[in-house]
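Here is the structure we will look at, set down as structure tokens.
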Amino acid sequence: MIDETTLSQVEKLAKLNLSDEQRQLAIKKMQGILDMLDKIDMQAIEGLAPLYHPLEIAQPYRADIADPNIDRERLQQNAPSVDKNLFLVPKVID
Amino acid sequence: MKYSTLSKLQQLLDNKAVSATELAQDTLAAIKADQHNAILSTCDELALAQAHAADQKRANGEGDSTALLGIPVIYKDNFNIKGSKTTCASKMLENYTSVYDAHIVELMQTQGSISIAKANMDEFAMGSTNENSAFGAVKNPYHPEHCSGGSSGGSAAVVANGLVPIAFGSDTGGSVRQPAAFCGITGLKPTYGRLSRFGIVAFGSSFDQPGIFAHTAEDTAITLAAVAQYDSKDSTSVEQPTGDYLSQLNQPLQGKKIGLVKSLFERITDKAIQNRYQSALDVYQAQGVEFIDIELPNPELCVAAYYVLSSSECSSNLSRFDGVRYGHRSENIEDLDSLYTHSRSEAFGEETKRRILLGTFALSAGYFDAYYVKAQKMRRAILNQFQQTFDSVDNILLPTSLTTAPKLGQDFDYNDDMCTITANLAGLPAISHSVGLADGLPVGLQIIGKHFDEAGILNMTHRFQQATDFHEIHPKSLRY
């Protein structure tokens with residue numbers, strides 16, 4: 001059951017805040033999906049293994065050799081704040 | 001050249017009726033004049049350099065056997081093209097410049113195609129009407145007050161408007177097939193694993209599959225053959241031989257067993273749409289197919305399972321947008337936690353936030369078994385039912401959508417995706433092709449095939465298009 005308290009907990013986990021106007025619609029839409037899922041007849045799926053992937057394939061191995069990577073300078077051109085090749089964030093420990 | 005198919009443009013290029021440079025310049029000019037909000041950015045410099053190289057190759061006699069040499073192509077804005085903006089129609093990536101090419105882009109460019117522009121979409125590919133784009137909705141080519149469909153609405157609109165013969169999109173729950181239907185063109189979602197997802201910004205990784213928009217099955221087959229290659233950079237790319245898509249296009253349909261999902265056709269209430277479908281089924285019947293009524297699992301339950309699972313994968317995939325390495329960073333930050341929370345809250349749109357929250361909830365302690373695992377078991381039941389059905393039929397026919405393109409601003413419910421999501425849940429290939437107009441808006445019919453039988457659904461579509469001319473109907477875009 002999604003209520004205001006649950007939604008607030010999930011917002012914390014997801015590092016996201018909804019505005020007051022967005023909250024009611026979010027609760028309604030999320031609850032709508034969960035209500036539909038509750039209608040699944042448990043007997044119909046009992047004993048079935050969860051399907052995590054649509055194709056039953058094994059992931060192939062490759063030789064343990066490093067591929068050339070994209071150079072750091074080019075990658076960091078998209079970063080909001082960089083200094084001496086490092087991503088800058090607010091101080092974590094005083 | 002507007003509305004030309006890939007095959008027709010190839011002839012014009014080979015006969016020197018037009019050069020690749022002229023074609024690229026014309027296409028860029030047409031895009032800039034277009035009023036549908038279908039394009040988010042153009043790749044002028046790259047496109048003109050590629051076109052110049054294509055002209056030189058052709059002049060040196062290297063080009064005639066390469067189907068894609070000089071052909072302009074547009075990509076949904078979640079495909080990375082090195083040096084171009086890739087925004088996913090989100091404020092989060094508004095200023096992001098790609099640092100590498102998606103595998104599909106690389107293959108297309110190696111074969112001489114011209115990367116012209118990036119198409120509008122629902123933010124991070126979440127939506128069915130393109131109204132979740134941070135940069136405004138795409139207008140339907142047949143009526144500007146209606147949506148183009150989603151999430152690959154821009155890619156569908158540019159092909160329908162005749163700007164390019166081919167465009168790429170991505171299909172997580174119907175995002176290629178449904179906009180193809182709403183815009184009156186052909187849209188293919190291949191089998192999961194058939195095309196590489198490398199370089200396409202992820203939404204739901206066990207569902208996402210790149211797809212192709214074109215006017216015809218023939219153009220789709222040519223393009224699919226060009227990009228259906230194993231990619232070691234995508235761990236779910238499948239090392240499976242590709243079909244001979246082109247040579248099988250014209251196989252007779254006589255004796256094919258086709259499953260009809262009657263319960264979905266019966267949900268359609270609009271008489272004009274019902275008539276379009278009946279006429280289309282008559283065309284197939286005249287070619288000798290045998291229809292067998294079949295049932296798929298309860299569509300509403302499939303919708304619920306799909307939204308729980310795809311949202312769970314989305315919550316995981318979109319956690320990478322944290323305001324640290326790329327993307328929007330809030331200016332209103334006190335500590336690391338507020339950097340994450342404010343950056344994400346300011347930049348993600350409302351629907352994206354809802355899906356991240358639904359997925360986070362379904363994956364959280366205490367709810368994981370009740371929702372996530374239950375939905376995965378439902379997914380197994382859906383795959384099992386498809387496998388049983390394919391013991392007795394070759395292909396499955398069903399509507400692509402229960403309606404034509406809704407008006408912009410009209411409420412579009414998650415249940416409206418019920419016709420398309422089952423193919424994604426089971427990883428099956430599916431295609432939508434136009435069966436004509438109902439009250440001036442296009443109607444699409446969907447065909448689902450067995451895993452890796454893209455050749456079969458392309459064959460069905462091609463035979464239909466040989467017997468009809470719906471794929472030659474074009475919107476009179478310049479009327480407004």
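Here is the naming used below: chain letters follow the sequence lines, and residue numbers restart at 1 for every chain.
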Q.
In terms of relative ring orientation, are A/His53 and B/Tyr192 parallel, tilted or perpendicular, with 30° and 60° separating the classes?
A.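 Rings of A/His53 and B/Tyr192: perpendicular, as their planes differ by over 60°.
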
Tell me, for [X] versus chain B, whether the close heavy atoms (under 4.5 Å) come from the side chain, the backbone, both or neither.
X	answer
A/Ile70	side chain
A/Arg62	neither
A/Ser19	neither
A/Glu11	both
A/Leu55	side chain
A/Asp38	both
A/Tyr52	both

Looking at chain A, which one of [options] has the largest number of heavy-atom pairs inside 4.5 Å, strictly under?
options	result
B/Ser232, B/Ser235, B/Gly427	B/Ser235
B/Phe361, B/Tyr326, B/Tyr307	B/Phe361
B/Val238, B/Thr341, B/Ile333	B/Thr341
B/Leu318, B/Asp337, B/Thr191, B/Leu428	B/Asp337
B/His451, B/His342, B/Gln376	B/Gln376

Heavy-atom distances under 4.5 Å only: say whether [X] touches chain A with side chain, backbone, both or neither.
X	answer
B/Asn298	neither
B/Ala381	both
B/Asn384	side chain
B/Tyr372	side chain
B/Leu425	backbone
B/Thr97	both
B/Phe452	side chain
B/Leu383	side chain

Tell me, out of [options], who's got the most heavy-atom pairs with chain B below 4.5 Å.
options	value
A/Asp35, A/Ile2, A/Val82	A/Ile2
A/Gly32, A/Ala49, A/Ser81	A/Ala49
A/Leu18, A/Leu37, A/Leu48, A/Leu25	A/Leu37
A/Asn78, A/Ile33, A/Leu7, A/Leu13	A/Asn78
A/Ile45, A/Leu34, A/Val92	A/Leu34

For a 4.5 angstrom cut-off between non-hydrogen side-chain atoms, does [X] reach [Y]?
X	Y	result
B/Tyr306	B/Tyr414	no
B/Lys91	B/Glu94	yes
B/Phe321	B/Leu93	yes
B/Ser90	B/Thr352	no
B/Leu339	B/Arg329	yes
B/Ile448	B/Phe390	yes
A/Gln24	A/Glu4	yes
A/Asp3	A/Ile27	no

Q) Between B/His328 and B/Phe348, is the ring centre distance below 6.0 Å? A)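 Between B/His328 and B/Phe348, the centre distance exceeds or equals 6.0 Å.
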
Q) Are B/Arg325 and B/Tyr96 in a cation-pi contact, defined as NZ or CZ under 6.0 Å from the six-membered ring centre and within 45° of the axis? A)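 No, B/Arg325 and B/Tyr96 do not form such a contact.
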
Q: Given side chain to side chain donor-acceptor pair (under 3.5 Å), test B/Glu313 with B/Ser206 step by step and report yes or no.
A: CA-CA 8 Å; B/Glu313 295 184 15; B/Ser206 79; 2.6 Å; yes

Q: Measure from the side-chain N and O atoms of B/Glu351 to the backbone N and O of B/Met126, and report whether any donor-acceptor pair falls under 3.5 Å.
A: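 Checked: no pair found.
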
**Q.** Heavy-atom pair of closest approach, residues B/Leu309 and B/Arg379
**A.**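 Reported closest heavy-atom pair: CD1-CD, 3.9 Å.
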
**Q.** Partner of B/Arg197 by salt bridge (charged side-chain N to carboxylate O under 4.0 Å, His left out), out of B/Asp234, B/Asp231, B/Asp171
**A.**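 Of B/Asp234, B/Asp231, B/Asp171, salt bridge (charged side-chain N to carboxylate O under 4.0 Å, His left out) with B/Arg197 is met by B/Asp234 alone.
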
